[in-house]
Amino acid sequence: MRWSRLFVPTLRDAPGDAEFASHKLLVRGGFIRQLQSGHYSMLPLGFRVHEKVTQVIRDEINAIGGQEMSLPIMHPASLWQASGRWDSVGDELFRLTDRKGADQALAMTHEEAFTSVFAEVSSYKQLPMIWYHFKTKLRDELRPKAGLLRVREFVMKDSYSFDVDETGLDVQFQAHHQAYSTIFSRLGLDALPVQASSGSMGGSDSIEFVVPAVAGEDDIAICRSCDYAANIERATSQIAAVDDGAGAAETTRFPTPGVRTIAALEEVDGGAPADRQIKTLVMNLDGELTLVLVRGDHNLVEQKLIDHTGAVVAEPAEADAIRAALGASPGSLGAVGVSGLRIIADPALQGRVNMTTGANEDDWHLSGVDVDRDIAVDEWVDVRGVEAGEGCPNCGQPLELVRAIEVGHIFKLGRKYTEGFGITVLDQNGKAVVPIMGSYGIGVGRAMAAVVEVHHDDNGIVWPTVIAPFEAVITVVKVKDEPSMQLAEQLYAELQAAGIDVVLDDRDARAGVKFTDAELCGIPFRLTIGPKGLESGQLEFVTRTTGDKQDVAIADAAALIIDSVEGSR
RNA sequence: CGGGACGUGGCGCAGCUCGGUAGCGCACCUGCUUUGGGAGCAGGGGGUCGGGAGUUCAAAUCUCCCCGUCCCGACCA
């Protein structure tokens with residue numbers, strides 16, 4: 001490829017609305033352009049990287065027996081109705097109506113579609129199956145952000161495994177686990193496998209691969225002493241018991257004028273420290289008001305609540321609804337004596353006495369609350385967010401919280417879809433069994449962005465060779481100098497013949513411009529050809545990762561590049 | 001959905017307070033000089049000032065509505 005013919009619109013300044021390194025650099029380097037919020041065009045360089053990331057993933061999924069195919073993006077509503085997700089996924093699913101009036105869905109994942117194809121498989125002898133495709137997904141995200149990191153339209157590799165039994169599923173799950181580790185490592189990502197919530201997909205074992213980075217959107221609890229790592233949506237911890245003293249015989253109402261917050265209740269006469277208060281949250285779970293109780297200094301993790309209840313929508317209840325149900329406004333709420341509402345409480349409250357909470361009357365609170373005695377808890381459920389420094393659930397050592405980008409997710413789907421679609425295969429005994437599924441995804445564009453987040457410097461992107469838009473660039477300092485161009489053409493041909501993905505920078509521009517662009521775009525190796533080098537017989541060879549410059553004899557240049565590229569693939 | 005900010009040539013910005021018919025840097029085109037780290041000089045092209053309505057003799061500027069984009073929050077009782 002000749003740079004003079006390439007469309008690489010590099011920019012000196014990043015767009016003003018770009019915040020994160022990957023966003024800025026991918027735009028500045030001419031890799032991507034935004035069409036609208038959450039939708040990006042892949043320009044030639046971006047597309048090259050995207051294709052290379054795709055190929056790495058393809059290699060590794062093929063290596064574990066994956067069969068690549070390609071399923072549609074537009075699905076009939078009936079398919080999603082059959083799985084129940086037409087109603088359960090909410091507004092994230094793009095829906096449209098065709099001219100015949102038929103409802104259609106734009107796929108956000110392909111569980112249903114793959115399962116429908118699987119209906120033709122009828123014998124255990126054909127199992128296991130690992131099927132996958134690279135396909136554009138559409139999701140009406142609440143808030144697209146950070147360039148390629150969170151978008152509404154993106155290509156995902158999603159694979160699905162089908163097995164006769166759990167043991168088989170375990171094998172596929174482990175195979176994917178291993179394949180993902182290899183993929184991310186080849187991409188230059190230190191991806192950490194962490195326990196995760198399986199969200200609306202349903203399923204049991206769920207592991208996310210995350211890359212620690214400031215641009216991330218996930219909080220991960222990590223133990224440095226053992227191998228515990230979990231998404232905050234799933235993480236648990238050991239916490240010290242709180243000394244409540246002796247329990248009171250009965251609750252006491254006391255006035256708390258103007259007190260609306262946990263902090264204020266700590267200060268007021270008759271108040272209590274946060275860890276001896278009960279925080280009463282009124283949540284609207286698919287229209288049903290539910291009281292969720294956590295310790296005053298704890299935070300609710302909505303995902304935990306959703307995972308437990310299966311609710312589609314979980315949001316704080318409206319103030320009006322709260323007042324109608326409990327007779328008071330937020331700030332004075334409590335669960336003591338409440339009946340007729342579902343009450344979910346965090347285990348950190350179990351057995352606690354002498355607690356303080358709202359009295360369900362504005363400006364009044366209760367003290368001396370004995371949780372087991374005074375509150376009709378329906379379910380004890382861990383809904384609390386862990387905090388940094390709390391004890392690891394495995395070894396008790398302090399947990400650390402880190403921001404991370406989720407780059408991959410594997411989980412055991414179970415039989416939700418096969419069962420829902422009435423799919424069975426015959427086992428060895430001729431008996432019909434419902435196959436069990438696994439589901440495994442990697443977002444290609446997000447992986448790209450994650451690589452940039454981790455691999456860049458002041459001069460631009462530093463791509464790992466395997467996914468760099470080009471493996472090497474031959475920079476011709478003075479294009480009009482005949483001997484320079486002649487040598488460049490010769491080396492260019494030689495490298496291409498050797499299978500090197502090389503670009504010849506033959507633009508009639510100043511050397512500095514070409515050097516800067518090569519660095520911004522992150523091309524791993526650069527050979528500079530100019531009159532100076534021709535005269536001395538030594539060409540300059542630069543390695544992007546280290547910035548190291550070395551002189552190489554003209555005759556040795558090709559071999560050096562080939563070795564360097566091959567050694568870093 | 002709530003809160004905040006922003007919207008002026010491809011990119012980055014000024015102009016808006018105090019209305020008078022649009023400017024700077026980069027990029028682009030032509031010429032000359034230059035040429036090993038984002039060249040210099042000269043000339044040139046390109047803008048419905050996000051859109052609509054209103055106020056006014058006159059609107060990028062003031063008012064209202066809408067749209068778009070970015071950030072924060074999505075819960076702290």
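Every value quoted in this text rests on a predicted model; they were computed, and no experiment measured them. In what follows, chains carry the letters A, B, and so on, assigned in the order in which the sequence lines appear, proteins first and then strands, with residues in each chain numbered from 1.
In this structure B/U55 sits in no base pair that meets the Watson-Crick or G-U test at under 3.5 Å. B/G7 and B/C67 make up a base pair, with Watson-Crick or G-U wobble contacts both under 3.5 Å. With a cut-off of 3.5 Å on both pairing distances, B/C49 has no Watson-Crick or G-U wobble partner at all. Across all strands shown, nothing is found opposite B/U21 as a Watson-Crick or G-U wobble partner with both distances under 3.5 Å. The nucleotide B/G2 finds its pairing partner in B/C72, both defining distances of the Watson-Crick or G-U wobble pair being shorter than 3.5 Å. With a cut-off of 3.5 Å on both Watson-Crick or G-U wobble distances, the partner of B/G37 is given as none. The pairing partner recorded for B/C28 is B/G44, the criterion being a Watson-Crick or G-U wobble arrangement whose two distances lie under 3.5 angstrom.
Between A/E217 and A/R150 a salt bridge is recorded (basic side-chain N to carboxylate O distance below 4.0 Å). Ionic pairing of A/R403 and A/D218 is not present here: no N-O contact between side-chain nitrogen and carboxylate oxygen is shorter than 4.0 angstrom.
Within the nucleic acid shown, A/A146 comes within 4.0 Å of sugar-phosphate atoms alone, with no base atom in reach, counting heavy atoms only. Note on A/D297: nothing from the nucleic acid sits closer than 4.0 angstrom, heavy atoms only. A/E540 comes within 4.0 angstrom of a nucleotide base, judged by non-hydrogen atoms across all strands. Counting non-hydrogen atoms under 4.0 angstrom, A/A18 reaches nothing in the nucleic acid. Looking at heavy-atom distances under 4.0 Å, A/V282 makes contact with a base. A/R526 comes within contact range of at least one nucleobase, with a heavy-atom separation under 4.0 Å. As judged by a 4.0 angstrom heavy-atom cut-off over every strand, A/G296 is placed among residues making no nucleic acid contact. Within the 4.0 angstrom heavy-atom criterion, no nucleotide atom of any strand lies near A/K478. Across all strands, A/L142 comes closer than 4.0 Å to base atoms (heavy-atom distances). Residue A/K549 is classed as a base contact, given a heavy-atom separation below 4.0 Å to a base.
Atom CG of A/L300 is separated from atom P of B/G73 by 16 Å (rounded to the nearest Å). Rounded to a whole Å, the CD atom of A/E482 is 19 Å from the P atom of B/U35. Spacing between atom NE2 of A/H39 and atom P of B/C70 amounts to 10 Å, rounded to whole angstrom units. In this structure, A/E141 places its CD atom 14 Å from P of B/U69, rounding to the nearest Å. Atom pair A/D17:CG and B/C11:P shows a separation of 10 Å (rounding to whole Å applied). Between the P atom of B/A74 and the CG atom of A/N284 lies a distance of 18 Å, rounded to the nearest Å. For the pair A/E217 CD and B/C71 P, the interatomic distance rounds to 10 Å; values are reported in whole Å. In this structure, the CG atom of A/L527 is 13 Å from the C1' atom of B/G36, given to the nearest Å.
Closest non-hydrogen pair, A/N231 versus A/A196, comes out as CB-CA, 4.2 Å.
In terms of phosphate contacts, A/Q34 brings a side-chain nitrogen or oxygen within less than 4.0 Å of OP1 or OP2 of B/C70. Within the 4.0 Å cut-off from OP1 or OP2 of B/G68, not a single side-chain nitrogen or oxygen of A/S37 is found. One finds no side-chain N or O of A/K145 lying less than 4.0 angstrom from the OP1 or OP2 phosphate oxygen of B/U69. Taking 4.0 angstrom as the limit, A/R143 places none of its side-chain polar atoms (N or O) nearer than this to OP1 or OP2 of B/A74.
B/G47 and B/G9 have their C1' atoms separated by 5 Å, with the value rounded to a whole Å. B/A59 sits 11 Å from B/G54 when the C1' atoms are compared, rounded to a whole Å. For B/A60 and B/G19, the P atoms lie 13 Å apart once the distance is rounded to whole Å. Taking atom P in both B/U63 and B/C6, one finds a spacing of 13 Å when rounded to whole Å. Separation of the P atoms belonging to B/C49 and B/U21 is 15 Å when rounded to the nearest angstrom. The separation of B/C67 from B/G10, taken at their C1' atoms, amounts to 22 Å, rounded to a whole angstrom. Rounded to the nearest Å, the gap between the C1' atom of B/G40 and that of B/C26 is 16 Å. Nucleotides B/G15 and B/U61 place their C1' atoms 9 Å apart, quoted to the nearest Å.
Of all the residues in residues 503-516 of chain A, A/R510, A/A511, A/G512, A/V513, A/F515, A/T516 reach under 4.0 Å from RNA chain B with at least one non-hydrogen atom.
Put simply, the side chain of A/D370 gets close to the backbone of A/R373: a donor and an acceptor are under 3.5 Å apart. A/R33 contributes a side-chain N or O that, together with a main-chain N or O of A/V27, makes up a donor-acceptor pair within less than 3.5 Å. With hydrogens and angles disregarded, no donor-acceptor distance shorter than 3.5 Å links the side chain of A/N459 to the backbone of A/L520.
Under the ring pair (Phe, Tyr, Trp, His ring centres under 6.0 Å) criterion, the residue pairs touching residues 511-532 of chain A are A/F525-A/F541, with sequence neighbours excluded.
Of the two residues near RNA chain B, A/G38 and A/G358, the one whose nearest nucleotide lies more 5' is A/G38. Residues A/Q277 and A/T528 each lie close to RNA chain B; by heavy-atom proximity, the contact nearer the 5' end of the strand is made by A/T528.
Checked against A/R384 for a salt bridge (charged side-chain N to carboxylate O under 4.0 Å, His left out), the options A/E233, A/E390, A/E302 give a single hit: A/E390. Checked against A/D508 for a salt bridge (charged side-chain N to carboxylate O under 4.0 Å, His left out), the options A/K480, A/K478, A/K514, A/R2 give a single hit: A/K480.
With hydrogens and angles ignored, a donor-acceptor pair under 3.5 angstrom links the side chain of A/R28 to the base of B/G38. In the interface, the side chain of A/E519 is paired with the base of B/G37 through a donor and an acceptor atom under 3.5 Å apart.
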Scan nucleotides 26-29 of chain B against the protein and return all N/O pairs shorter than 3.5 Å with their distances rounded to 0.1 Å.
unit_1 : atom_1 : unit_2 : atom_2 : d
B/C26  : O2'    : A/R12  : NE     : 3.2

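A donor atom on one side chain and an acceptor atom on the other are not found under 3.5 Å apart for A/R143 and A/S37. Counted by atom type alone, A/E453 and A/S22 present one or more donor-acceptor pairs between their side chains at under 3.5 Å.
Applying the 6.0 Å contact sphere to CG of A/D91 captures no more than 12 heavy atoms from other residues, nucleotides or ligands. A/Q550 CD: more than 12 foreign heavy atoms inside a 6.0 Å radius.
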